[in-house]
Amino acid sequence: MTETLLRGRLLTFHREPADATDTDAYTYIEDAGLLIEDGVIAAAGSYAEIAARAPAAAVVDHRPHLMMAGFIDTHLHFPQVQVIASWGAQLLDWLNHYTFPEETRFADADHCARMAAAFLDQLTDNGTTTAVAFCSVHAASADALFAEATRRNMRMLGGKVMMDRNAPDGLRDTPQTGYDDSTALIARWHGQGRNGYVITPRFAITSTPEQLDMAGALAAEHPDCHIQTHLSENHAEIAYTAELYPEARDYLDVYERHGLLGPKTLLGHAIHLNPREVDALAATGARPVFCPTSNLFLGSGLFDEARLRSRGITSGIATDVGAGTSYSMLQTLNEGYKVLQLQGQALHPMRAFHWATRGNAAVLGLEDRIGTLDPGTEADIVVLNARATDAMALRAERASTLAEELFILQVMGDDRAVEEVYVAGVPRKTRAKMPGAEVRAPEPA
Ligand code: GUN
Ligand code: ZN
């Protein structure tokens, strides 16, 4: 048994804080010990108490930094690591001009492997320990992602996109091959180690009704798999979907008719919803996912979190790289704060940090395994430094409460504020940017 004892300040959430005064929603310990045994959190409490219990443990002193559960990113695209920051287009043009051509490169297994390593390095350097990823149409892209995640013992959810129309040559499957490839990937990876397969029809525009039937069949055959797709991101997308599915009552109804909605369904964006669609989200328990940096970057619109919350609908929050502009969940919370500000909705930092950790875990139904620092859960941990830059340190001189410190991290933080990341108890922050350090994803010769 390997025992590691982390020392530092500790914050973990038990439920979503109702407001800034809701101190029962979390535990904060000024001088804490976090005991890790074989990749699992064995104990958390005051340092003196935990150290007495584990005298032989190797101690890593992270004081004065803040230990939290690792961040969870509930929607992003692994094959878009070289699409991020592509200029000047809204959704459909952005897909056709930048994204689809780049995704065709994932037909090459060597490219997939190199990008998978680079992708997971970016996630962990930013403090993200679990992600829900869209792969490309190629089964090899999902194989590469899961193989690399397995090597790192990282809890990873993902799936190959099913897309059989309105995409270029080399980037379309068929209803049958999409079904067969997904079935084989589920057999290979779902529930293997920390991997979970996600049935992934890309969105209504790139799937025929026959393909969505097959996706619905997969969902019925594998009820423990998540499902992910996109919903009502952009007005042109919604109009085109209505043309392609004239019998559907609205965009969400396309997915509803094909048996794709339930509590394990993740719907990226969900911005422009009519009242019937909100009713159907509430009735089915499907989960909208807010992608603020992407929604601003593509000019898609403003996600109305309060409207959904008022109906008991719980949303995830995510980067949506590569339409999203940062791998950092801190920067995602920053832009999320601003999108909600534009609608008169204040996102308190306590709620924000709950959202990126236990909140997103609960959206995935995984809060008993990840998203907290509770004993018995997996030791995925981020160590944050609110004084990581000169500008942050200057601001922090005038901060006296935990909420103020968190808000500095939320607004000014990024990968520089991530001191260390533990994935199943193993430190994973790469030092590749430092002179002489190992470069994990070298250019091919
Ligand atoms: N809708 C369908 N595919 C995509 C994608 O790759 N990114 C975004 N932002 N929206 C999509
Ligand atoms: Zn997306």
Side-chain angles (χ1 to χ4, degrees), residues 73-106 115 119 131-138 141 145 157-168 171-173 178 198-208 211-212 215 226-241 244-245 251-252 254-255 260 265-272 287-303 315-327 332 335 339:
D73 187 345
T74 47
H75 180 122
L76 83 172
H77 296 258
F78 150 54
Q80 295 177 14
V81 289
Q82 295 183 314
V83 176
I84 187 170
S86 292
W87 182 83
Q90 295 213 345
L91 176 63
L92 298 181
D93 290 334
W94 175 84
L95 285 170
N96 287 320
H97 291 145
Y98 297 115
T99 306
F100 290 164
E102 195 59 34
E103 291 193 10
T104 60
R105 301 179 67 211
F106 286 73
M115 290 299 136
F119 176 70
V132 189
F134 287 66
C135 301
S136 74
V137 74
H138 315 95
S141 70
L145 179 68
L157 289 90
K160 88 157 211 102
V161 291
M162 305 169 74
M163 47 193 295
D164 67 343
R165 67 169 162 180
N166 291 318
L171 210 61
R172 292 187 307 274
D173 53 10
V198 185
I199 298 161
T200 308
R202 184 177 199 127
F203 69 154
I205 289 176
T206 47
S207 285
T208 59
Q211 178 159 72
L212 292 189
H226 284 85
I227 301 165
Q228 62 182 347
T229 187
H230 296 86
L231 174 72
S232 295
E233 178 175 3
N234 163 291
H235 290 298
E237 172 209 19
I238 295 166
Y240 191 22
T241 298
L244 293 171
Y245 287 90
Y251 196 156
L252 188 65
V254 173
Y255 300 137
L260 291 167
T265 306
L266 305 168
L267 298 161
H269 309 296
I271 298 170
H272 310 285
R287 315 288 190 168
V289 180
F290 177 27
C291 305
T293 73
S294 167
N295 297 162
L296 294 170
F297 181 73
L298 291 179
S300 300
L302 304 179
F303 181 86
S315 307
I317 186 164
T319 65
D320 193 31
V321 163
T325 53
S326 172
Y327 291 90
T332 301
E335 299 301 296
V339 167

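Order of appearance sets the numbers: ligands from 1, and atoms from 1 within every ligand. Just so you know, these numbers come straight off a predicted model, no measurement behind them.
Residues Val137 and Lys160 are in side-chain contact: their nearest non-hydrogen atoms beyond the backbone lie under 4.5 Å apart.
Here the shortest heavy-atom pairing between Pro79 and Cys135 reads CG-C, 3.5 Å.
By the 30° and 60° cut-offs, the orientation of the rings of Phe119 relative to Phe78 is tilted. A parallel orientation is assigned to the rings of Phe290 and Phe303, their planes being inclined by less than 30° (bins at 30° and 60°). By the 30° and 60° cut-offs, the orientation of the rings of Phe203 relative to His230 is perpendicular.
In the vicinity of Ala323, heavy-atom distances shorter than 4.0 Å reach the ligand 1 atoms 9 (N). For ligand 1, the atoms closer than 4.0 angstrom to any heavy atom of Glu233 are 1 (N), 8 (C), 9 (N), 10 (N), 11 (C). Near His77, the atoms of ligand 1 lying under 4.0 angstrom from a non-hydrogen atom of the residue are 5 (C), 6 (O), 7 (N). The ligand atoms of ligand 1 that sit less than 4.0 angstrom from a heavy atom of Leu91 are 8 (C), 10 (N), 11 (C).
Counting heavy atoms closer than 4.0 Å to ligand 1, residue Leu95 contributes side-chain atoms (C-beta onward) but none from N, CA, C or O.
In this structure, CG on Leu298 lies 7.0 Å from CD on Gln90, to the nearest 0.5 angstrom.
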Derivation of the side-chain hydrogen bond (donor to acceptor under 3.5 Å, both in side chains) call for Gln82 and Arg105:
CA-CA 11 Å; Gln82 295 183 314; Arg105 301 179 67 211; 3.0 Å; yes
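Proximity of Trp94 to ligand 1 is established by a heavy-atom distance of less than 4.0 Å.
In summary, the side chains of Asn166 and Thr206 do not present any donor paired with an acceptor at a separation below 3.5 Å, with no hydrogens or angles considered.
The Zn ion (ligand 2) sits nearest to atom OD1 when only the N, O or S atoms of Asp320 are considered.
Note on His269: not counted as a metal contact of the Zn ion (ligand 2), no N/O/S atom lying under 2.8 Å. At least one N/O/S atom of His75, from backbone or side chain, sits under 2.8 Å from the Zn ion (ligand 2).
Among Arg202, Glu237, Glu103, Met163, the residue whose heavy atom lies closest to atom 6 (O) of ligand 1 is Arg202.
The Zn ion (ligand 2) forms the vertex of an angle spanning NE2 of His230 and NE2 of His77; to the nearest 10 degrees it equals 100°.
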